[in-house]
Amino acid sequence: MAPGRIDSVGEVSDSQKPTVYLLDEFHPVANEHARTIFDAVFPNDPRYENWRGKAEYLLIKGSTLTAEDVKSCLKLKALGKQGVGIDKIDAEACKERDIKIFNTPGVNAQTVAETVLTLTMAVAREVGRVTAIQSRGDVIPKSKCSGLIISEKSIGIVGMGNIGQRVAKIFQGGLGCNIIAYDPFLPKDAWADISHQRGETLEDLLKVSDVVTLHVPLIPQTQGLISYPELSIMKSNAIVINTARGGIINEEDLERGLKDGLIWGAGLDCHEQEPPTKERYGGLWDIGRVVSTPHVGAATSQTQMETAMAAMDCLLDYIRTTTN
């Protein structure tokens, strides 16, 4: 097909497609989607060199885009970001240049919510401790195992966005749990379709919740949101779950709080160091009631495909809107 022409089935040549630089490798199906709708420049493409000086549009999965990067990207107009979090992108630098950021909130909500359920149950039934003992060749009789029942308990959800809503529906619909929600940024009538109690303060929620699950971004106001003082007011048999971002829980305080018996246990899909290592987290893991996973909340093949394609489609919609 000649450059600039459209073939018999309507396929557009690369010369007519917007050029988009992909800073990461995406799901194979999403990569093919990118090739279909964009003149896609991947990291192994010779044209990728000096992308900062050339790119008008970017697609990002896990790469960092610093203020210096933004400053160097003189032509940059917009970028698509797979997933919700944009903490690796200097959003302020983009805002100063009116560079649009299109992330994909809501697309991964169900799979992250299921991860919350997985971690909660694993911690409640001491799956990590039992597995570790058996893995080193020792036998552990069931008389030496303990656990908690989650059915009909109180689930405290910090952050009432898309993921928080899915978490509420899973625990309420499947286990008959009572939902307590805290989010100072959403109106009083939020979650009208979900039976819940609204916590007026974070302290209100922490005092009465059997499980506390965090669904807020990592910003200065949420750094160390759960630290020793917060753990001190929680129930001694409470579980805290973090599938949001490392740093929202003060990890040193969490280890101290668990050793002091302030709470029952913790499920962590997010850590300050990722992926987590034994050198950094061995002390926390040795407690026996901590289950850690390396930020796998959205790490299903289906979700990776869907969130990548959503980021690509959002970027394409913007390009079409601004260039037509």
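Annotation for Glu252: atom CD does not count as buried by contact number, only 12 or fewer foreign heavy atoms lying within 6.0 Å. Within 6.0 Å of CD on Gln302 lie no more than 12 heavy atoms contributed by other residues, nucleotides or ligands.
We find that Asp69 and Lys71 are not joined by a salt bridge, their nearest charged nitrogen and carboxylate oxygen being 4.0 Å or further apart. The pair Glu203-Lys207 counts as a salt bridge, with a side-chain nitrogen and a carboxylate oxygen less than 4.0 angstrom apart.
Checking side-chain atoms of Arg256 against main-chain N and O of Tyr228 turns up no donor-acceptor pair under 3.5 Å. Using a distance-only test at 3.5 Å, with no hydrogens or angles considered, no donor-acceptor pair links the side chain of Asp313 to the main chain of Ala310. Under a 3.5 Å cut-off, the side chain of Arg245 and the backbone N or O of Asp87 do not form any donor-acceptor pair. In this structure, Lys77 contributes its side chain and Lys100 its backbone to no donor-acceptor pair below 3.5 Å. Looking only at distances, no side-chain donor or acceptor of Thr307 sits under 3.5 Å from a matching main-chain atom of Gly83. Between the Trp264 side chain and the Val123 main chain, a donor and an acceptor come within less than 3.5 Å of each other. With Lys81 contributing its side chain and Lys61 its backbone, the two residues share a donor-acceptor pair below 3.5 Å. Looking at Trp191, its side chain does come within 3.5 Å of a backbone N or O of Met160 through a donor-acceptor pair. Judged by distance alone, the side chain of Lys153 and the main-chain N or O of Ile149 form a donor-acceptor pair under 3.5 Å. Using a distance-only test at 3.5 Å, with no hydrogens or angles considered, a donor-acceptor pair links the side chain of Glu230 to the main chain of Ser227.
Considering every non-hydrogen atom in both Leu254 and Leu231, the closest pair reads CA-CD1, 3.7 Å. The heavy-atom pair separating Cys145 from Arg129 by the smallest distance is CA-NH2, 3.8 Å.
Defined by atom type and a distance below 3.5 Å, a donor-acceptor pair is missing between the side-chain atoms of Asp183 and His215. Side-chain polar atoms of Thr303 and Asn108 form no donor-acceptor pair below 3.5 angstrom.
Sorted by first then second residue, the salt bridge (Lys or Arg N to Asp or Glu O under 4.0 Å) pairs that include residues 274-303, not counting sequence neighbours, are Glu126-Arg289, Glu251-Arg280, Glu272-Arg280. Contacts classified as salt bridge (Lys or Arg N to Asp or Glu O under 4.0 Å) and involving residues 259-271 (residues at least two apart or in different chains) are given here: Glu255-Lys259.
Counting only heavy atoms from C-beta outward, the side chains of Cys177 and Gln172 never approach each other to under 4.5 Å. Looking at heavy atoms from C-beta onward, Tyr182 lies out of side-chain contact with Leu206 at the 4.5 angstrom threshold. Residues Pro18 and Glu56 fail the side-chain proximity criterion, which asks for heavy atoms closer than 4.5 Å. Considering only heavy atoms from C-beta on, Thr118 stays 4.5 Å or farther from Met121 through its side chain.
For Pro294, the side chain to side chain contact (heavy atoms under 4.5 Å, CB included) partners at least two apart in sequence or on another chain are Pro275, Pro276, Val296. Every residue was checked against the side chain to side chain donor-acceptor pair (under 3.5 Å) condition with Ser72, not counting sequence neighbours, and none meets it. Scanning for salt bridge (Lys or Arg N to Asp or Glu O under 4.0 Å) contacts around Lys75 gives an empty result, with sequence neighbours left out. Here Glu68 pairs with nothing under the salt bridge (Lys or Arg N to Asp or Glu O under 4.0 Å) rule; sequence neighbours left out.
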CA sep, side-chain torsions, deciding dist, call: Ile180, Ser209, side-chain contact (heavy atoms from CB on, under 4.5 Å): CA-CA 7 Å; Ile180 304 156; Ser209 297; 4.0 Å; yes
Steps toward salt bridge (Lys or Arg N to Asp or Glu O under 4.0 Å) verdict (Lys144, Asp138): CA-CA 13 Å; Lys144 298 295 183 182; Asp138 296 330; over 6 Å; no
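One distance of note links NZ of Lys17 with CG of Leu316; it measures 10.5 Å at 0.5 Å rounding. Interatomic distance, Thr111 OG1 to Glu306 CD, rounded to the nearest 0.5 Å: 9.5 Å. In this structure, the separation between CD1 on Ile319 and CZ on Phe38 is 5.0 Å, given to the nearest 0.5 Å. In this structure, the separation between CD1 on Ile89 and OG1 on Thr66 is 11.0 Å, given to the nearest 0.5 Å. How far CG of Leu22 is from OH of Tyr48: 8.5 Å, rounded to the nearest 0.5 Å. The structure places CE of Met234 at 9.5 Å from CG of Asp210, a figure rounded to the nearest 0.5 Å.
A continuous path of hydrophobic side-chain contacts links Val212 to Leu262 [ILVMFWY only; heavy atoms under 4.5 Å]. Side-chain heavy atoms closer than 4.5 Å link hydrophobic residues (I, L, V, M, F, W, Y) into clusters, and following such links, possibly through other members, connects Ile233 to Leu258. Ile163 and Ile239 fall within the same hydrophobic cluster, where Ile, Leu, Val, Met, Phe, Trp and Tyr residues are linked whenever their side-chain heavy atoms come under 4.5 Å apart, directly or through other members. Put simply, Leu268 and Val216 are part of the same group of oily side chains (I, L, V, M, F, W, Y) that touch within less than 4.5 Å, one to the next. Linking Ile, Leu, Val, Met, Phe, Trp and Tyr residues whenever their side-chain heavy atoms come within less than 4.5 Å places Leu186 and Ile157 in a single cluster.
Note on ring orientation: taking the six-membered ring where Trp is involved, the planes of Tyr281 and His271 are perpendicular (angle over 60°, cut-offs 30° and 60°).
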